[in-house]
Structure formats: C-alpha cells, structure tokens
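Working notes, structure below.
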Amino acid sequence: MAVTWRVINTDYTVNGAKGTNQIYKLHWTCADEEKAGDVIHSGHMYGSVGCPDPTGKFIEYAKVTEENCIAWVKALLGSEEVTRIETAVENQITQSKTPTTGSGQPWSS
C-alpha cells in the first residue's frame with residue numbers, strides 16, 4: 001500500500017488576524033499497513049504543526065477541506081521531513097515483518 005496522510009484535528013483562534021476561526025495548529029497522522037499472510041503489519045506517525053497567519057487568500061473555516069490541511073501540513077513540514085516521516089512508517093512495517101528485537105519473559109507465570 002501507500003502511506004496515508006490525515007489531519008485528525010485543528011486548533012483555531014475564534015477571532016484570528018485574518019478571519020473567524022483561523023486555524024493555528026494542525027494535528028496529523030501518517031500511516032500505512034501491509035498484509036503478509038494472515039498478519040497485518042503497520043506503521044504510524046503522529047504530530048502537530050503550527051500554522052502562521054495566511055499570506056494568501058483566507059479560506060473560511062467551514063470551507064476548509066482535509067485536502068487543504070494535508071497540503072498545508074506537508075508544506076509546513078517541508079519535503080525532507082515528509083520523506084523522513086514516510087520512511088519511518090515504512091521502516092516500522094519492515095521491523096514488524098522481520099523483527100530484530102523482542103520483549104517478554106523467558107519463564108511462565
């Protein structure tokens with residue numbers, strides 16, 4: 001599969017410098033999964049990024065789409081950070097499929 005970016009929440013200022021309910025923080029996730037046999041291996045990253053006051057046209061809060069927010073997140077993070085996050089998600093899946101570490105108790109209770 002391919003990584004999926006989502007914006008799961010926004011924080012906004014009710015009376016922002018550019019308009020009503022001006023978004024100032026975006027909370028995002030980046031996830032992917034891969035099925036191998038009966039096992040689903042997944043990777044997931046979460047974070048948030050602050051939004052500066054818009055310099056272009058202000059979009060009313062009720063008209064903002066998730067696609068807008070995802071584009072803003074990626075632009076604010078920058079292409080290098082987006083690549084780092086997507087690679088980390090892929091690495092989590094690889095680690096799940098071919099673990100190099102483990103945890104547990106060698107004795108039974």
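Numbers for residues simply follow the sequence, beginning at 1. Any value given below was found using the heavy atoms of this structure, including those in side chains, with hydrogens, waters and symmetry copies removed. Keep in mind that what you see is a predicted model, and the values were worked out from it rather than measured.
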Is there side-chain contact between [X] and [Y], with heavy atoms separated by less than 4.5 Å?
| X | Y | result |
| --- | --- | --- |
| S48 | L26 | no |
| I70 | W28 | no |
| D53 | Q22 | yes |
| H44 | E33 | no |
| I93 | D32 | yes |
| W5 | T29 | no |
| Q95 | T101 | yes |
| V49 | W72 | no |

Please report the closest heavy-atom contact between [X] and [Y], naming both atoms and the distance.
| X | Y | result |
| --- | --- | --- |
| Y61 | T20 | CB-O, 4.3 Å |
| P52 | G50 | CD-O, 3.9 Å |
| V89 | A31 | CG1-C, 4.1 Å |
| K18 | P54 | CE-O, 2.9 Å |

Just how far is it from atom [atom1] of [X] to atom [atom2] of [Y], taken to the nearest 0.5 Å?
| X | Y | atom1 | atom2 | result |
| --- | --- | --- | --- | --- |
| E81 | K74 | CD | NZ | 13.0 Å |
| E80 | I85 | CD | CD1 | 12.0 Å |
| S96 | E34 | OG | CD | 9.5 Å |

Open item on the list: Applying side chain to side chain contact (heavy atoms under 4.5 Å, CB included) to Y24 and T10, what does each step give before you reach the verdict?
Closed with: CA-CA 8 Å; Y24 68 87; T10 66; over 6 Å; no
Open item on the list: Using only atom types and a distance under 3.5 Å, with no angle test, would you say the side chain of T83 pairs donor to acceptor with the backbone of S79?
Closed with: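 Such a contact is found between T83 side chain and S79 backbone.
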Open item on the list: Could you walk me through whether K25 and Y12 satisfy the side chain to side chain contact (heavy atoms under 4.5 Å, CB included) test, starting with their C-alpha distance in whole Å, then the side-chain angles of each, then the deciding distance to 0.1 Å, before giving a yes or no?
Closed with: CA-CA 7 Å; K25 188 178 285 184; Y12 58 88; over 6 Å; no
Task: Criterion side chain to side chain contact (heavy atoms under 4.5 Å, CB included) on L76 and C51, from CA distance to verdict - done: CA-CA 8 Å; L76 290 164; C51 301; 3.9 Å; yes
TODO: Go through the side-chain N and O atoms of S42 and Q92 and say whether any donor and acceptor fall under 3.5 Å apart.
DONE: no
Open item on the list: Checking side-chain polar atoms at under 3.5 Å, does N68 have a donor or acceptor matched by the opposite partner on T65?
Closed with: yes
